[in-house]
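One structure is given here, and the rest of the page talks about it.
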Protein chains: 2
Amino acid sequence: MALAEADTRSRILNAAEHLFMEHGFEATTLRMITTDAGANLAAVNYHFGSKEALIAEVFRRRLTWLNEQRLAALEAAEVGAGDTALKPRQIVEAFFGVAIRMAADVEGGGRTFMRLLGRTYTEPSEFVRGFLAEEYAAVVIRFKAALVRALPDVPQEEILWRFHFMMGAMSYAISGADALHILSDVQLDDANTEALYARLMSFLIGGLRAPLPDIQPKKKPSKSRTRKAA
Amino acid sequence: MALAEADTRSRILNAAEHLFMEHGFEATTLRMITTDAGANLAAVNYHFGSKEALIAEVFRRRLTWLNEQRLAALEAAEVGAGDTALKPRQIVEAFFGVAIRMAADVEGGGRTFMRLLGRTYTEPSEFVRGFLAEEYAAVVIRFKAALVRALPDVPQEEILWRFHFMMGAMSYAISGADALHILSDVQLDDANTEALYARLMSFLIGGLRAPLPDIQPKKKPSKSRTRKAA
DNA sequence: GCACCATTCAAACGCTTGTTTAAATCCACT
DNA sequence: AGTGGATTTAAACAAGCGTTTGAATGGTGC
């Protein structure tokens, strides 16, 4: 809510972010947004041009910063390591640690944004996926390369898939208790960020470093060998 | 598309399932659905009563069966094990294996449905989350109990979280290459179900069996101590 | 005081949405 | 052939949508 202090443009962004997280893009109307922001209906089109442009700006203002932080964290780790190879855990922490830390910022809206982002990654809308891909391009290339270097025995394709799986786990970790109450009537403590971070990291590293699966050479559903390499 | 053979009711369900997966619930209109199904606009309200009821039925007709299969797979494993304890891997395979196998069924629409389901699990809409919780209740209680029995050293809360993380990873695994192309311009082979299954299982088991994280005793946001025991 | 630009405002725009209606059509059964 | 219930149809409905308009308002520099 951030009180009613900031200027109209920011109040609209904040209200939109929160409502998008709660109801999704389509179900959130400009009237809901401007009402919550204490602004006139026409303000969105005046300040942003259109609803689509507003959505894009909601992501841009935080995502750019988030990915810069990720790159900075990775570079800091690499500098600290000197000539020695980076451990996979350090890379994972650079990428997901920054995200979890942002999700811990409740008052500043980071929590809201990360919940929104996690869901949006599998968003159907072509338009949303479009600029998401743009924003992610640089950072993903960089982290993928770092992981390939840190895991010389793991095929590149496998690394990409595990990166993908990790993003799924993180996404659910952050969307958190809302979804978890489907799993259990017990209310889980997702306010404890330190704990969530520790839990998620254990899980991610465990998955990333798991024994490689045995993949048949494709297009051959023969069920003979079940060899497992480490 | 299943040709235009089945009766109107089924054709509507199939068209709706596919369109929901592609565009989401809100962005999919009844006119899109009935056009694709080759039916009159009023057919949805005649056969289902409302759009919401149609959404519920799209899930119900497959989810009930899916969860029955999961329970059956778990019981079969337990019978096979006799008095000996079930291995975590068997439990995970019962739950996620059935899902992945359903996702492999492209022609019958299982693939489409599983993609839809994965995204819907973090769906904002209260109404959707409502009946999803209902459908899942029984099966989750059962699997949670099985995991608790199979992992006596792991706290229950930790098991729930890891179960949650696993669902996230699976969800992303199935929504698959659509989202993955954000990660990489390389097109990944998510048509190879056997391979995807093997990959995901390795990752999930690795995460589930990872060393336990160190969790501070909770409810102490004092910034003094940062103790971390191993 | 006045002119100037940015911002806000109430009102309306055209369009699409889910839903309803009442008539038309189909098909099984006698 | 003809009755009756289920289904399909075209048309209309009110409500809500994103967007546009043109006038009112606000504050700055002269």
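Protein chains get the first letters and strands the later ones, always in sequence-line order, with residue 1 at the start of each.
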remark   = Expected string for nucleotides 16-23 of chain D under the B/S/- scheme (protein heavy atoms, under 4.0 Å, primed atoms plus P, OP1, OP2 as sugar-phosphate) is -BBBBB--
Would you please name every residue forming a salt bridge (Lys or Arg N to Asp or Glu O under 4.0 Å) with [X], sequence neighbours left out?
X       : answer
A:Arg70 : none
B:Arg60 : B:Glu57
B:Glu93 : B:Arg89
B:Glu68 : none

task = Using the heavy-atom set of chain A and a strict 4.0 Å cut-off, write down the first and last nucleotide of DNA chain C that makes it in, 5' to 3'.
result =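 On DNA chain C, the outermost contacted nucleotides are C:dA6 to C:dA12.
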inquiry  = If the condition is ring pair (Phe, Tyr, Trp, His ring centres under 6.0 Å), which residues does A:Tyr46 pass it with, not counting sequence neighbours?
reply    =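 In terms of ring pair (Phe, Tyr, Trp, His ring centres under 6.0 Å), with neighbours along the sequence ignored, A:Tyr46 is linked to no residue.
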task = Can you sort out the partners of B:Phe143 under ring pair (Phe, Tyr, Trp, His ring centres under 6.0 Å), two or more places apart, ordered by chain and number?
result =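 With sequence neighbours excluded, B:Phe143 shows a ring pair (Phe, Tyr, Trp, His ring centres under 6.0 Å) to B:Phe95, given in chain and number order.
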query = Does A:Thr64 have any side chain to side chain donor-acceptor pair (under 3.5 Å) partners at least two apart in sequence or in another chain, and if so, which?
reply =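 Result, side chain to side chain donor-acceptor pair (under 3.5 Å) vs A:Thr64: A:Glu135.
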